[in-house]
Protein chains: 2
Amino acid sequence: MIISPRRKRVARLRELMERGGVDALLVTHIPNVFYLSGFTGDSGALLVEQSRATLFTDSRFTTQAGEELAPTRIGLKIVKGSLGAAAAGAELARRRFRGRAAFEGARVTVAEAARMRKASGGKIRWRAVVGWVEQLRRVKDEDEIERMREAAQLGSKVIVEVLSLIRPGVRECDLAAEIEFRMRRGGASGPAFETIVASGPRGALPHARATTKAFRPNELVVIDMGAILRHYCSDLTRTVYLGRAPSRVRQWYRAVAEAQVAACQTLRPGAPCAAPDSAARDVLRGYGLEKAFIHSTGHGLGIEVHEEPRLGRGQSLPLDASSVVTIEPGVYLEGAGGVRIEDDVLVLPGGPEVLTDAPRDFLEL
Amino acid sequence: MIISPRRKRVARLRELMERGGVDALLVTHIPNVFYLSGFTGDSGALLVEQSRATLFTDSRFTTQAGEELAPTRIGLKIVKGSLGAAAAGAELARRRFRGRAAFEGARVTVAEAARMRKASGGKIRWRAVVGWVEQLRRVKDEDEIERMREAAQLGSKVIVEVLSLIRPGVRECDLAAEIEFRMRRGGASGPAFETIVASGPRGALPHARATTKAFRPNELVVIDMGAILRHYCSDLTRTVYLGRAPSRVRQWYRAVAEAQVAACQTLRPGAPCAAPDSAARDVLRGYGLEKAFIHSTGHGLGIEVHEEPRLGRGQSLPLDASSVVTIEPGVYLEGAGGVRIEDDVLVLPGGPEVLTDAPRDFLEL
């Protein structure tokens, strides 16, 4: 008998609950609800107990939730409005539940927690737990890895296509529109985040939006983009130069490319999550660019574009096999521009597998 | 002297704070931070006091925040990582602040509140308040109304354009890609939400995603879309029929169109927020379709696609002049499809102004 990935995920969560002394966990973070149940609506709460699991959502999602929950053993309750967490609390109270109940402390707001406590009538002692489902999501299963490969391939294909469209006079926002259109046509439900196209001095802002600025000769262009495909994200960055680059720009690019390789080489199960960041910084220091690298080296990727693990200074947790992370060192020079190279990498015992296969050679267009 | 809209907004918030007995309000909800400060980064916290205001964000946003805060009187503190709320708490503790401090209870998670309390060292008594900035945002100022007009016009223009592309064989996702591409080219930073294109029986799901299903002759197509333009959203829906519609489908359309007009006519300052919903339901009841209308009639619109006020049953708050709301009755018939018509409407003393000007006649393509 084949057990569906979602039933395995719920089973693993129940192990965490048992070890953590929790009889009922209320999951309200929508990506966590999707991970465990397959429900793709944007409003709902999943109550997981050892012997059952129930999704609470509203009437807009009745038909859809019925279809999506069919392969699972999760029950469905339709409630009024979008107060899933409170409804789940009320349900526990109605059943005179006397076990140990928990909610997602890093996801439930102070006001929601108050409503939930009120709805559950004071006899249930709620405990806040943090990161339980997120901990499971650090390790991707086969179904997830397959989806992430596809999302990464789509992102890689599109970025290669649009590089040929970069020329003086084209606007940043036009290129962003092309990128998002091509990802959509390739099956994406949308961009994983607002596509960044930052040219010239704007490249010194790591999170620059695409504007109506047109590309000009002799400037760097940073493109940071990703697709959501079958609910999983990709996230990649390439930097090109319009014209023949001066030697200092080539030097920046070489430094970032070397930093990226060095960071990737540290990725193995059991290595500390800070290792890729240290490796990237060491390389940049050798080029005198350590102060130009103003963010951390990467982050986990999956249903959300930023998830666990974080790859920055002070992260002592070990890397897991089958995690997918970004590796994205960059340098940012105020007034001049930026260089960033980013790939999505699967951590495996035999060595890292880079999922994004767009070329990384320095392109002078 | 011209006082910028943002300085007026902060001044109005300070009045609310004074009336509410709060000396320092920590604003962490990013749309609220943008509304008050103009900061467009996705990570930061704004501490508003009577005599000063300070934005806490991290090093990725240093240059950008400096530029965006220039027209305001808001100070900037760069902190490590993305722990703005905790950093603001620590800052109050460092200054030996002894006033009454509050945070946004409906936006701060239980875990964040705990970190904030810890960082502020136990001497500050934090109080959770709900909806203060959101209350200000219900009433749009001139600058906002101008932006919303533009976002509504862009949405209207694009939906009219793409209706001509609907024919048998075109896939839902292709139409969604066209819509999002054209909005982007028109200056949008992205869609206000994942564009809905739901054809045939899929139209019975109010929140159906666009899939690879191709349009077929003799079915309804529901398109629900909107743009984010200069940080403000539009949200509109049109429904068309591929072929010559049978009389029952025409009847559904007529019922929804009448319900929408009736709902719009109730929109005036001071009317209860439940009035448009009752009016729409009354019309649909006359057609025997009241059970087919499975969601509320509309919602406020602005920086976020769903904001205050809510236009549903039981909403007794009065409507404000200069609110912008959607009016979107619909009917959903399982197995057959759906009809929804949605416009964005500005509430004015002299009568409602519909911002989305795409035609509403029943189109048989």
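Values below: all heavy atoms of this structure, side chains included; hydrogens, waters and symmetry mates excluded. All values reported here derive from a predicted model rather than from experimental measurement. Every chain is numbered from 1 and lettered A, B, ... according to where its sequence line falls, protein lines coming before strand lines.
When all heavy atoms of Ala128(A) and Val110(B) are compared, the closest pair comes out as CB-CG1, 4.2 Å. Residues Arg60(A) and Pro206(B) come closest through the heavy atom pair O-CD, 3.3 Å.
The residue among Leu205(B), Thr211(B), Ile228(B) with the most heavy atom pairs within less than 4.5 Å of chain A is Leu205(B). The greatest number of non-hydrogen atom pairs below 4.5 Å with chain A, out of Ala176(B), Ala204(B), Ala210(B), is found for Ala176(B). In terms of non-hydrogen atom pairs under 4.5 Å with chain B, the most contact-rich of Arg184(A), Met183(A), Arg182(A) is Arg184(A). Among Glu112(A), His295(A), Glu104(A), Glu180(A), the residue making the largest number of heavy-atom pairs under 4.5 Å with chain B is Glu180(A). Put simply, of Gly190(A), Ser189(A), Ala113(A), Cys173(A), the one with the most heavy-atom pairs under 4.5 Å next to chain B is Ser189(A). The greatest number of non-hydrogen atom pairs below 4.5 Å with chain A, out of Thr212(B), Val130(B), Ile294(B), is found for Ile294(B).
Listed in order of number, the residues of residues 62-69 of chain A that approach chain B to under 4.5 Å between heavy atoms are Thr63(A), Gln64(A). For residues 330-338 of chain A, heavy-atom neighbours of chain B at less than 4.5 Å comprise Glu334(A), sorted by residue number.
Heavy-atom distances place both the backbone and the side chain of Thr195(B) under 4.5 Å from chain A. For chain A, the nearby parts of Arg185(B) are the backbone and the side chain; heavy atoms of each come within less than 4.5 Å. With a 4.5 angstrom heavy-atom cutoff, Thr40(B) touches chain A via backbone and side-chain atoms both. With a threshold of 4.5 angstrom between heavy atoms, Arg171(B) approaches chain A through side-chain atoms but not through N, CA, C or O. Both the backbone and the side chain of Ala106(A) come within contact range of chain B, with heavy atoms under 4.5 Å apart.
The neighbour count for Arg127(B) CZ, taken as heavy atoms of other residues, nucleotides or ligands under 6.0 Å away, is above 12.
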